[in-house]
Structures are given as C-alpha cells and as structure tokens.
Protein chains: 2
Amino acid sequence: MDSKYISIYHEILAKIEDGEIAAGSKLPSETEMIGEYGASRDTVRKALHLLEQNGYIQRIQGKGSFALDINKLSFPVSGLTSFKELAQKMTEKCRTLVKELEKIPADEFIREQLKLPEQAEVWKAVRVRQIGGKKIILDKDFLDARYVPKLTQAICEDSIYEHLETKLGLKIGFAQKEVTVQQATQEDRKYLDFENYNMIVVVKNYTYLEDMTLFQYTESRHRPDKFKFVGFARRN
Amino acid sequence: MDSKYISIYHEILAKIEDGEIAAGSKLPSETEMIGEYGASRDTVRKALHLLEQNGYIQRIQGKGSFALDINKLSFPVSGLTSFKELAQKMTEKCRTLVKELEKIPADEFIREQLKLPEQAEVWKAVRVRQIGGKKIILDKDFLDARYVPKLTQAICEDSIYEHLETKLGLKIGFAQKEVTVQQATQEDRKYLDFENYNMIVVVKNYTYLEDMTLFQYTESRHRPDKFKFVGFARRN
DNA sequence: GAGTGGTCTAGACCACGCC
DNA sequence: GCGTGGTCTAGACCACTCG
C-alpha cells in the first residue's frame with residue numbers, strides 16, 4: 001500500500017538496477033513521465049527527488065535526469081539496514097551465532113547510553129557474524145525491555161529488526177551512528193577469528209522510534225581488514 | 001539569492017542551533033508557519049522536509065514537528081564538507097602544511113581512479129592537517145588538470161574547494177566515499193605524528209561536478225585514534 | 001471534532017542548456 | 001525559441017493523534 005510517488009520511485013529504480021536504463025543515460029523528461037505514470041508533475045518530481053537523494057540519478061537543469069553508476073554495496077553505515085537485509089544481497093555465505101542472550105538490569109554504562117533510570121532492565125544479545133567461514137563481526141545489542149518484552153534465540157538468529165517491525169509493530173524512525181577505531185579487547189579476540197590485528201573498528205548505533213524514543217544501543221565490532229564503508233554525499 | 005524555502009530552512013535551523021527552539025520541543029505547525037513566513041504550505045513543507053532529512057527535526061503525523069538533539073560534530077564522512085569549513089567549527093587550533101604541490105602526468109593508478117586517458121595531467125597536492133599541535137591527517141589530492149589549470153601553495157593552505165567554487169566557478173555535484181582501515185605506510189609515518197600505531201584509516205573520496213564529470217580523487221589518511229565519524233540515518 | 005502532517009493535483013512563472 | 005528542471009501557489013482529500 002505504497003503511495004503513488006513511492007511506487008514510481010521503485011519502478012524507476014528497478015529499471016536502473018536491471019540496466020534497462022544504463023548508467024549515464026538520460027531518463028524520460030518529467031513531462032513524459034506524467035503521461036507514462038498517470039501522475040501530476042509534483043508526484044513525478046517527488047519520486048525523482050528521492051532517487052537523486054539516494055544517489056541513483058543526477059538532475060541537471062535544462063538538460064534532464066541521468067542515471068548514475070550504482071554503488072556496489074558494502075557495509076552501509078550511511079543507511080539503516082539490518083545485517084539480514086545486507087546478507088541477502090551478499091554472495092558469500094553468512095551465519096549468525098548467538099553467544100549470549102539474557103534480560104538483565106542495565107549497568108551504569110548502558111543506562112547512560114540509553115538514558116535509562118536506575119533499575120531499568122534491558123535485553124542483552126551478543127552475536128557473532130560469520131562471513132565466508134570467518135568470524136568477522138561481533139554485535140552487542142542492548143534493547144530497552146519496556147519496548148521489547150521478550151527475545152528468543154530464534155529471533156536473534158534471524159533478525160531482531162524484522163521482529164521489532166513486524167511482530168511488535170514498533171516503528172523505527174532514525175539512528176545516530178558513530179564509527180571509531182579502538183584497541184581490541186579480550187572479548188573481541190575470544191569471539192572473533194582475529195589473527196594478528198590489535199585494533200578493531202567500532203560502530204556504535206543508537207536507534208530511535210518514530211516518536212523519538214531511544215530504545216536500542218548496538219555496538220558492532222568489525223575486524224579492521226574486513227571493514228568497509230561506502231557513502232554518497234551531495235554538496236549542501 | 002537563496003530560494004524562499006532555503007531561507008525558511010536557514011531561519012528555522014538558526015533557531016534550533018541557538019536553542020530558541022529547544023531539543024525535544026514542538027515547532028509551530030505548518031499552518032502557523034504559512035502566516036509567519038508568508039509562504040504557501042508546500043514551500044514551508046519543503047523547508048521542513050530538508051530539516052528532517054538532515055537530522056534536525058522529526059515530523060510525526062497528527063502530532064507535529066519536533067526538534068532533535070543536534071549532532072555534536074566530528075568528522076562528517078556523511079556530508080561533503082571541506083577541511084576548512086570543518087576547522088572553522090572546531091575549537092582546537094588547526095593548521096595545514098603543504099608538503100608537495102606539482103602538476104604531473106597521471107600514473108596508472110591515478111588514471112584508473114579518475115578514469116583518465118594516457119598522457120592526462122593532474123595536479124597533485126599532499127597536505128598535512130595539524131590539530132592541537134599534532135600532525136593527524138595526511139591528505140593526498142589529485143585534480144584533473146583540464147578543469148583545474150593552476151594551483152598555488154596559498155590556495156592549498158587555504159581551501160581548494162573554496163577556490164574551485166568561487167574562483168573557477170566549478171559546481172560540485174556529489175561525491176562517492178569509501179572508508180577502510182589499512183596497514184600504515186612509510187609515507188604515513190614520515191608525514192604524521194604516528195606514535196606506535198600500525199594501522200591507518202583511509203577515506204577515499206571521488207568528487208564529481210554537477211554535470212557528472214569525475215574531476216578529483218582524494219585520499220584522506222587519519223591516525224586511527226583520532227578518527228571519528230558521526231552519521232545520521234533514517235529508515236528506508 | 002479539531003488539529004496535525006501526508007499525498008495528490010493543476011497551473012503559473014523562472015533559470016538554464018542547446019540549437 | 002524550445003525543452004528541460006526549479007520554485008511557488010492554492011486547493012482538495014486522507015490518515016493519524018488527542019481530548
């Protein structure tokens with residue numbers, strides 16, 4: 001039940017991804033699309049604007065809209081994508097190993113991250129992501145138990161996000177992320193195939209609901225040689 | 001000579017940054033803003049939509065628009081900001097040291113990065129960014145000489161971007177970025193205050209003009225302990 | 001039911017690129 | 001001059017929240 005401009009967005013995006021509209025080639029003009037999709041100019045423009053924001057097309061006044069080279073995917077810190085959604089696009093085999101899963105009283109560090117009062121409870125999940133047979137990423141999740149009353153091993157092996165959105169009906173709004181490089185800990189070495197590296201890439205993630213409630217803190221710890229972030233940016 | 005909705009965007013943004021609209025508090029409704037700014041609803045909505053995209057406000061259907069906590073700045077890989085613009089917002093003292101500056105024939109690596117033909121020429125600039133007295137970042141810039149005929153030491157010490165935009169009238173459209181962690185090289189150790197780290201954070205940047213011409217490749221090499229990237233992401 | 005944001009439409013005029 | 005995208009307007013209806 002997408003809105004009209006979202007449908008048009010997906011239709012055009014599919015044509016770009018399938019190569020029906022080649023990279024660098026010109027898209028139909030707005031006037032043509034009005035007829036093609038039976039929509040008003042504003043509706044067509046909303047779809048095109050979305051494509052531009054997401055780095056799929058470039059619009060040039062007086063000339064037209066042109067398809068850009070699609071970003072070959074990597075780890076998109078820029079977006080808000082779950083590991084499961086990512087894994088589905090990857091060719092290599094991925095597995096998720098649940099190492100810890102329990103509901104615990106939030107310690108001081110977690111209370112600070114999630115801005116929780118004393119005696120608040122959180123679900124803690126520690127998971128190892130295995131890619132191509134190697135244990136590469138250590139995910140530590142902390143979820144406010146007021147919003148997520150129950151987690152199971154099966155949910156953690158599949159996708160926490162999917163469970164939150166489809167089963168619990170939570171609406172995820174946005175996330176703040178922070179990437180740093182730190183000294184690896186004993187825990188990193190214990191859970192990951194770490195080889196001889198002494199540093200680790202830490203992606204901290206604060207997830208908010210649509211109503212601006214902070215409900216999840218995640219630390220995603222990546223082996224440095226396997227970390228790669230690809231982004232797209234527009235001027236101003 | 002900004003458009004109306006950009007002006008409204010800046011006006012509201014200023015109120016949020018000044019704290020006139022506190023984090024978490026409600027903004028005036030669209031209907032009120034129509035009167036306040038003397039604009040149509042659509043124009044007001046364009047401004048609000050921009051604020052939402054950039055992580056300054058959250059809009060909730062049926063309730064209103066609310067100011068978010070402003071991201072304390074760090075190194076924004078997500079945006080397209082020059083070091084000079086960044087430095088102006090920082091409290092610590094910054095300096096730029098130009099180590100190399102010359103027009104050279106592009107070698108194979110650079111030709112591949114910038115998709116240049118043989119015998120093409122590029123301007124190469126190697127700069128060290130000093131923050132709080134320490135040499136932290138090594139910037140290696142390569143610019144297509146067809147678009148940038150002349151670079152001087154003074155320009156490199158100030159801001160290459162500013163020169164391109166104001167003096168040469170080049171219109172920067174977008175950039176593709178890639179962040180990885182690699183083994184540090186001899187060059188890194190030579191130019192930076194590297195202490196005992198053996199890895200370095202590499203931010204590769206491909207800058208395109210508005211007409212989709214790729215004209216600049218930059219490698220920004222950061223000491224791992226000083227690297228920090230902060231991002232904002234919306235679901236879908 | 002009143003107030004809010006979300007979608008869609010139709011029409012006008014402007015700025016830019018190109019021949 | 002024509003076709004393109006960029007801005008602005010006015011009005012309609014829908015979906016959601018809250019009292």
Side-chain angles (χ1 to χ4, degrees), chain A residues 1-12 21 24-53 56-68 169-174 209-213 234-236, chain B residues 1-12 21 24-53 56-68 169-174 209-213 234-236:
Chain A
M1 219 44 255
D2 276 342
S3 51
K4 203 164 181 177
Y5 78 95
I6 298 286
S7 307
I8 298 175
Y9 167 81
H10 285 303
E11 274 192 58
I12 300 173
I21 300 176
S25 67
K26 188 173 166 302
L27 275 67
S29 73
E30 293 179 354
T31 330
E32 290 174 284
M33 289 189 181
I34 290 173
E36 188 172 342
Y37 297 105
S40 72
R41 181 160 173 232
D42 222 51
T43 303
V44 168
R45 281 176 62 77
K46 265 195 246 183
L48 292 172
H49 188 246
L50 246 191
L51 289 162
E52 181 174 40
Q53 284 309 106
Y56 294 112
I57 66 171
Q58 174 77 357
R59 317 195 66 202
I60 306 177
Q61 188 169 130
K63 291 174 88 170
S65 302
F66 301 83
L68 293 178
L170 293 179
K171 287 180 190 168
I172 292 164
F174 58 93
L209 299 175
E210 262 189 356
D211 67 357
M212 300 187 292
T213 315
R234 289 199 173 274
R235 183 66 167 158
N236 286 343
Chain B
M1 221 42 252
D2 276 344
S3 51
K4 202 164 181 175
Y5 79 93
I6 297 284
S7 308
I8 298 175
Y9 167 81
H10 286 304
E11 275 192 56
I12 299 173
I21 300 175
S25 67
K26 188 174 166 303
L27 274 68
S29 72
E30 294 179 354
T31 330
E32 290 174 282
M33 289 190 181
I34 290 172
E36 187 171 342
Y37 298 105
S40 72
R41 182 163 173 230
D42 223 52
T43 303
V44 168
R45 282 175 61 77
K46 265 195 243 181
L48 292 171
H49 188 245
L50 245 191
L51 288 162
E52 182 174 39
Q53 285 308 108
Y56 295 112
I57 67 171
Q58 175 76 357
R59 317 194 67 200
I60 306 177
Q61 188 169 136
K63 292 174 91 170
S65 302
F66 301 84
L68 293 178
L170 293 179
K171 287 181 189 167
I172 293 164
F174 58 92
L209 298 176
E210 261 188 355
D211 67 357
M212 301 188 293
T213 315
R234 289 199 171 273
R235 184 67 169 155
N236 287 343

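Throughout, a chain's letter reflects where its sequence line sits, starting with A, and its residues are numbered from 1.
- Evaluation of the side-chain hydrogen bond (donor to acceptor under 3.5 Å, both in side chains) rule for A:Arg45 yields A:Glu30 as partners, not counting sequence neighbours.
- A:Thr31 pairs by the side chain to side chain contact (heavy atoms under 4.5 Å, CB included) definition with A:Ser29, not counting sequence neighbours.
- Among residues two or more places apart in sequence or in another chain, the salt bridge (Lys or Arg N to Asp or Glu O under 4.0 Å) test is passed with A:Glu36 by A:Lys15.
- Evaluation of the side-chain hydrogen bond (donor to acceptor under 3.5 Å, both in side chains) rule for B:Tyr9 yields B:Asn54 as partners, not counting sequence neighbours.
- Atom pair B:Lys171:NZ and C:dC16:P shows a separation of 7 Å (rounding to whole Å applied).
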Nucleotide N/O of nucleotides 4-8 of chain C paired with protein N/O under 3.5 Å:
{"unit_1": "C:dT4", "atom_1": "O2", "unit_2": "B:Gly62", "atom_2": "N", "d": "3.4"}
{"unit_1": "C:dG5", "atom_1": "OP2", "unit_2": "B:Glu30", "atom_2": "N", "d": "2.9"}
{"unit_1": "C:dG6", "atom_1": "OP2", "unit_2": "B:Arg45", "atom_2": "NH1", "d": "3.3"}
{"unit_1": "C:dG6", "atom_1": "OP2", "unit_2": "B:Arg59", "atom_2": "NH1", "d": "3.0"}
{"unit_1": "C:dG6", "atom_1": "O4'", "unit_2": "B:Gln61", "atom_2": "NE2", "d": "3.3"}
{"unit_1": "C:dG6", "atom_1": "N7", "unit_2": "B:Arg41", "atom_2": "NH2", "d": "2.7"}
{"unit_1": "C:dG6", "atom_1": "O6", "unit_2": "B:Arg41", "atom_2": "NH1", "d": "3.0"}
{"unit_1": "C:dT7", "atom_1": "OP1", "unit_2": "A:Tyr5", "atom_2": "OH", "d": "3.4"}
{"unit_1": "C:dT7", "atom_1": "O4", "unit_2": "B:Arg41", "atom_2": "NH1", "d": "3.4"}
{"unit_1": "C:dC8", "atom_1": "OP1", "unit_2": "A:Lys4", "atom_2": "N", "d": "2.4"}
{"unit_1": "C:dC8", "atom_1": "OP2", "unit_2": "A:Tyr5", "atom_2": "N", "d": "3.3"}

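- A straight line from CE of A:Met212 to P of D:dT17 spans 14 Å, rounded to a whole angstrom.
- B:Thr213 pairs by the side chain to side chain contact (heavy atoms under 4.5 Å, CB included) definition with B:Tyr147, B:Leu209, B:Asp211, not counting sequence neighbours.
- The nearest whole Å value for the distance from the CZ atom in B:Phe66 to the C1' atom in D:dT17 is 10 Å.
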